[in-house]
Amino acid sequence: MADFTVLVCGGGNAAQVATGMFSHRYKTIAVSFFADEAAKWKAALGDDDFELTITPLEKDATPKVIKSKPDDITNDPSVAGKADAIVLVVPSFAHGEYFQKFAPYMKPGTIVATMPARSGGDILFNTMLGDKAKDMIFCGFETLPWACRFTEWGRKATILGIKNAIIGAVTPPSKSTQALATLQGLVGVTPWLQESPNNLGISLRNPGMVVHPGVMFGRWNPEVWDGAAKDAKPLFYQGVDDYTADVLEKMTDETQTVCRKMEELCPGLSLKDACTLKQWYLDCYDGQMSDTSSLKACMNTNKGYDGLTHPCVEKDGKFMPDLKYRYLAEDVPTGLCFMKGLAEILEVATPTTDKVMMWAQGCIELEIMKDGKMCGKDINKTRAPQGVGITTLAAFKTAAKID
């Protein structure tokens, strides 16, 4: 019997942390398809161990230091044939490339986990793997398990904090116990990997698809911004005003309408985890907000957001918004487009989402919506169901493996 083997995909903060953590106990191979990142990381590490420091919760406690070495760091997709589990810790826009390149080599029963999945990850996976998908186990998680940073790129990293719990869904559900137990063994006692009923709930829970484009729109759309540079970078979350809060509440309400319509049309389907944005804050930041009376108050008083500003570009001592930042360039194609596409299939009106989408697609120079429909020339660059040819509820249910 071969040793349990895990592939960690990516080369950023979280991927290097995951590699350091997993290779302490298991055969671990790091894979990056980004430029020459794998070769640079391999060279940086050389013959030394990777050093991972875990910051303790207790003030005066000594940090734990784990030293380990991955079995390989490569850009060769054929290593997927050795994997019992594949953990993608890369931006969601890169998931498709990994799925496509790994597909010819993956063995039946491989567990594939995305952290975070964003929206429609399971449908993308099924599309890229085709008939092979039925023999695989897909796990979509709402977020990363850790807050972390490099201390020396390719050689040392630090876990600043570990979440108490994160939720994830498994397709097919019959493999949930096996998949979640395996992945829990990889990450350790915390975070607790809590089971969500289905990947559609994870897709529609995605807070980034509402918060990031919504707050950017609320600050920088032509109705409220005259195009002039700012003297300072505006606060992002703590700077949410009444206008922006209204945009966010309307967007989250439209998502809830999509959820309820889907549950109505699919008896037995539970989208309970696809909660409102305010409920998400109450779930995830309990105790860190001094005022939870409204969505705006939750965001304005969240200690975890202290000092976080809008992404900006400095010019002549003043600041202009970076409207191509990932808050639009990633969260619109891999998040908001999924929700809007499903809404269109279900014939649910989403006027505020449409308004934000039309503004955002101009910023990121993609044609996603055309004449009010999800049929623009760049639709295939998004996670919208229409991007893979899904335009009916029956086709969506088949792709999402909803009975």
Side-chain angles (χ1 to χ4, degrees), residues 206-258 276-278 280-281 285 289-302 304-340 343 348-372 374 376 378 382:
N206 178 1
M209 73 178 182
V210 173
V211 173
H212 294 155
V215 174
M216 293 287 278
F217 175 86
R219 174 67 66 174
W220 305 112
N221 87 79
E223 286 182 14
V224 294
W225 180 50
D226 61 5
K230 300 283 186 182
D231 292 329
K233 296 179 184 179
L235 290 171
F236 193 81
Y237 305 95
Q238 294 176 337
V240 166
D241 56 12
D242 289 337
Y243 174 89
T244 303
D246 183 61
V247 170
L248 294 172
E249 284 169 353
K250 285 176 177 172
M251 290 174 75
T252 195
D253 286 348
E254 288 170 0
T255 303
Q256 290 302 300
T257 303
V258 169
T276 66
L277 192 52
K278 183 186 176 190
W280 183 84
Y281 275 106
Y285 287 97
M289 302 168 291
S290 57
D291 184 350
T292 58
S293 61
S294 65
L295 173 59
K296 178 188 170 191
C298 287
M299 299 178 78
N300 289 169
T301 68
N302 189 334
Y305 289 155
D306 282 354
L308 296 179
T309 61
H310 275 263
C312 290
V313 178
E314 187 176 356
K315 189 177 180 183
D316 301 324
K318 289 183 176 284
F319 298 92
M320 291 290 283
D322 182 356
L323 299 179
K324 288 183 168 53
Y325 191 66
R326 63 181 176 86
Y327 288 174
L328 297 180
E330 182 176 347
D331 285 299
V332 171
T334 68
L336 198 58
C337 284
F338 177 85
M339 192 285 285
K340 172 57 191 171
V348 171
T350 54
T352 302
T353 297
D354 293 2
K355 199 173 180 180
V356 173
M357 182 89 78
M358 290 301 295
W359 172 79
Q361 72 176 19
C363 296
I364 59 177
E365 298 179 23
L366 291 178
E367 184 188 82
I368 299 165
M369 289 184 73
K370 185 179 179 183
D371 301 326
M374 297 292 280
D378 297 312
T382 77

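Judged purely by atom type and a 3.5 angstrom limit, Thr244 has no side-chain atom pairing as donor or acceptor with the backbone of Val240. Between the side chain of Lys324 and the backbone N or O of Cys363, at least one donor-acceptor pair lies under 3.5 Å. Put simply, the side chain of Asp378 gets close to the backbone of Glu367: a donor and an acceptor are under 3.5 Å apart.
Here Phe319 contributes atom CZ and Lys233 contributes atom NZ; the two are 5.5 Å apart, rounded to the nearest 0.5 Å. Separation of atoms OG1 (Thr352) and CD (Glu254) is listed at 4.5 Å; rounding is to 0.5 Å. Atom-to-atom distance recorded for Ile364:CD1 and Trp359:CH2 is 10.0 Å, nearest 0.5 angstrom. Expressed to the nearest 0.5 Å, how far NZ of Lys315 lies from CE of Met320 amounts to 8.0 Å. Remark: Thr350 OG1 to Met251 CE distance equals 9.5 Å, nearest 0.5 Å. The line from OG1 of Thr301 to CG of Asp306 is 10.0 Å long, rounded to the nearest 0.5 Å.
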Checklist entry - Should Tyr237 and Val211 be marked as a side-chain contact (heavy atoms from CB on, under 4.5 Å) after you check the CA-CA gap, both sets of side-chain angles, and the distance that decides it? => result CA-CA 9 Å; Tyr237 305 95; Val211 173; 3.6 Å; yes
Next on the checklist: Determine whether Val215 and Arg219 satisfy the following criterion, side-chain contact (heavy atoms from CB on, under 4.5 Å), listing intermediate values before the conclusion.
Outcome noted: CA-CA 6 Å; Val215 174; Arg219 174 67 66 174; 5.6 Å; no
Item to check | Residue pair Thr292, Tyr285: steps toward the side-chain contact (heavy atoms from CB on, under 4.5 Å) verdict | outcome: CA-CA 10 Å; Thr292 58; Tyr285 287 97; over 6 Å; no
Checklist entry - When you look at Lys250 and Lys355, which way does the side-chain contact (heavy atoms from CB on, under 4.5 Å) test go after all the steps? => result CA-CA 11 Å; Lys250 285 176 177 172; Lys355 199 173 180 180; over 6 Å; no
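For Lys230, the NZ atom counts as densely surrounded, since its 6.0 Å shell holds more than 12 non-hydrogen atoms of other residues, nucleotides or ligands.
Of the candidates Asp331, Asp322, Leu328, Val356, Leu328 is the only one forming a side chain to side chain contact (heavy atoms under 4.5 Å, CB included) with Met216. With Lys340 as the partner, the side chain to side chain donor-acceptor pair (under 3.5 Å) test is satisfied by one option alone out of Asp354, Thr382, Thr353: Asp354.
Taking Thr276 as the reference, Thr252, Gln256, Lys278, Gln279 meet the side chain to side chain contact (heavy atoms under 4.5 Å, CB included) condition, with sequence neighbours excluded. Under the rule for a side chain to side chain contact (heavy atoms under 4.5 Å, CB included), the partners of Val224 that lie at least two apart in sequence or sit in another chain are Asn221, Tyr243. Annotation: salt bridge (Lys or Arg N to Asp or Glu O under 4.0 Å) contacts of Asp242 (sequence neighbours excluded): Lys296.
Taking each heavy atom of Leu277 and Pro207 in turn, the nearest pair found is CD1-CB, 4.1 Å. Tyr281 and Met299 make their closest contact through OH-CE, 3.5 Å (heavy atoms, listed as atom of the first residue, atom of the second, distance). Here the shortest heavy-atom pairing between Asn300 and Gly239 reads ND2-N, 4.2 Å. Between Gln361 and Ile368 the shortest heavy-atom distance is OE1-N, 2.9 Å. Shown here for Pro213 and Gly208, the closest heavy-atom pair between the two residues is CD-O, 3.1 Å.
Looking at heavy atoms from C-beta onward, Met357 lies in side-chain contact with Val332 at the 4.5 angstrom threshold.
Using bins of under 30°, 30° to 60° and over 60° for the plane-to-plane angle, the ring pair His212/Tyr327 lands in the parallel bin.
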